[in-house]
Structure formats: structure tokens, C-alpha cells
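Following: one structure in C-alpha cells, then a few remarks.
This one's a predicted model, so the numbers in the text were calculated from it and none came from an experiment. Counting begins at 1 with the first residue of the sequence.
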Amino acid sequence: MGLALTVGALGVLVLFHAAYSTIHYRGLLKITEEEFSGPPFNVVIELFVGLLLCFWAALTVPGKFKSILPHSEENRIVSLPANLDFMIFNHRGKVFPVELDVKLRQ
């Protein structure tokens, strides 16, 4: 997890450097009185590298994904609470009819 956080921080720093480089480039264009048509190619490459580093860190920092399959052995056992006093059955769902006669088009 420490490596992923370091890579994520590096990715953010690369993105900030690309932003600073673009601002510096625009300042140079104002001095030479040229029109800004887009950032230089090396800044675009730097943006993609920073983006990839941030994506990789965002996918690896949270950890291992849990299975959502119903018969998976990794699932937690979900049971009803021992105290049933806090279970509420008087809610907005009672407005809907119990049996819906809606047929799906196939």
C-alpha cells in the first residue's frame, strides 16, 4: 500500500508540473506575441504519464475487491439482529400494490 500511495503522489506531482509547464509556455508566447494553439507535445505526454500513474494508484490503494457472487466463500454471513424492535415495516413501500401485473416484453 505504501508503494501505491507513493506512485499516486508522484502522479499528482507530474500533473502539477505539466500544469506549471503549460502556464510557463503561455507566458513565453505572450512575450513573443504568438497565439496559443495548445500545449507542447512533451507536456501532453507528461499529462498522460501522470494520468496513468494516478489511475494505477487509485485502483491499487483500496485493496482487494470482495466477491459479489452469492455462493462465494469470501462472503460475510449477514443475519438479522437479535433485537427486532428496531425493524420498521411501516414505510412508503406499502403504497405499491403487492402483486404487479406487469409483463416483460421479450
Side-chain angles (χ1 to χ4, degrees):
M1 186 162 162
L3 175 68
L5 286 175
T6 305
V7 169
L10 180 68
V12 170
L13 287 175
V14 168
L15 289 175
F16 279 133
H17 185 265
Y20 177 76
S21 297
T22 303
I23 292 170
H24 182 70
Y25 178 69
R26 288 189 68 165
L28 290 175
L29 289 179
K30 284 182 183 179
I31 292 172
T32 58
E33 297 178 356
E34 294 179 23
E35 187 175 326
F36 180 75
S37 61
F41 184 70
N42 62 345
V43 173
V44 173
I45 296 298
E46 193 173 350
L47 281 171
F48 282 122
V49 168
L51 185 70
L52 288 176
L53 290 175
C54 288
F55 275 160
W56 183 80
L59 290 175
T60 56
V61 165
K64 186 179 175 191
F65 290 113
K66 299 220 182 258
S67 174
I68 60 170
L69 298 174
H71 301 295
S72 176
E73 310 230 348
E74 297 176 358
N75 287 344
R76 298 179 305 181
I77 298 175
V78 178
S79 61
L80 292 174
N83 187 0
L84 299 178
D85 291 338
F86 294 104
M87 294 186 73
I88 298 172
F89 296 103
N90 188 15
H91 52 79
R92 291 182 281 180
K94 67 181 179 182
V95 174
F96 298 112
V98 176
E99 189 174 313
L100 295 175
D101 294 330
V102 178
K103 294 182 180 179
L104 297 174
R105 296 179 187 176
Q106 292 184 9

Please list every donor-acceptor pair under 3.5 Å in which a side-chain atom of residues 23-45 meets a protein atom from a residue at least two apart or in another chain.
residue: Thr32; atom: OG1; partner: Leu28; partner atom: O; Å: 3.2
residue: Thr32; atom: OG1; partner: Leu29; partner atom: O; Å: 3.3

> Any idea which heavy atoms bring Ala57 and Gly8 closest together, and the distance?
Replying inline: CB-CA, 3.4 Å

> Could you give the distance from NE2 (His17) to OG1 (Thr22), rounded to the nearest 0.5 Å?
Replying inline: 10.0 Å

> Quick one: do Leu53 and Trp56 end up in the same hydrophobic cluster if we chain Ile, Leu, Val, Met, Phe, Trp and Tyr together by side-chain heavy atoms under 4.5 Å apart?
Replying inline: yes

> Could you give the distance from CG (Leu13) to OH (Tyr20), rounded to the nearest 0.5 Å?
Replying inline: 14.5 Å

> Under a 4.5 Å side-chain heavy-atom rule over Ile, Leu, Val, Met, Phe, Trp and Tyr, are Val49 and Leu3 clustered together?
Replying inline: yes

> Linking Ile, Leu, Val, Met, Phe, Trp and Tyr by side-chain heavy atoms under 4.5 Å, what else ends up with Phe16?
Replying inline: Val12

> Can you name the nearest heavy-atom pair linking Ser21 to Glu46, along with the distance?
Replying inline: OG-OE1, 4.4 Å

> What's in the same ILVMFWY side-chain cluster as Leu15, cut-off under 4.5 Å, chained through other members?
Replying inline: Leu47

>> Measuring from atom CG of Leu5 to atom OG1 of Thr60, what distance do you get when rounded to the nearest 0.5 angstrom?
In response: 8.0 Å

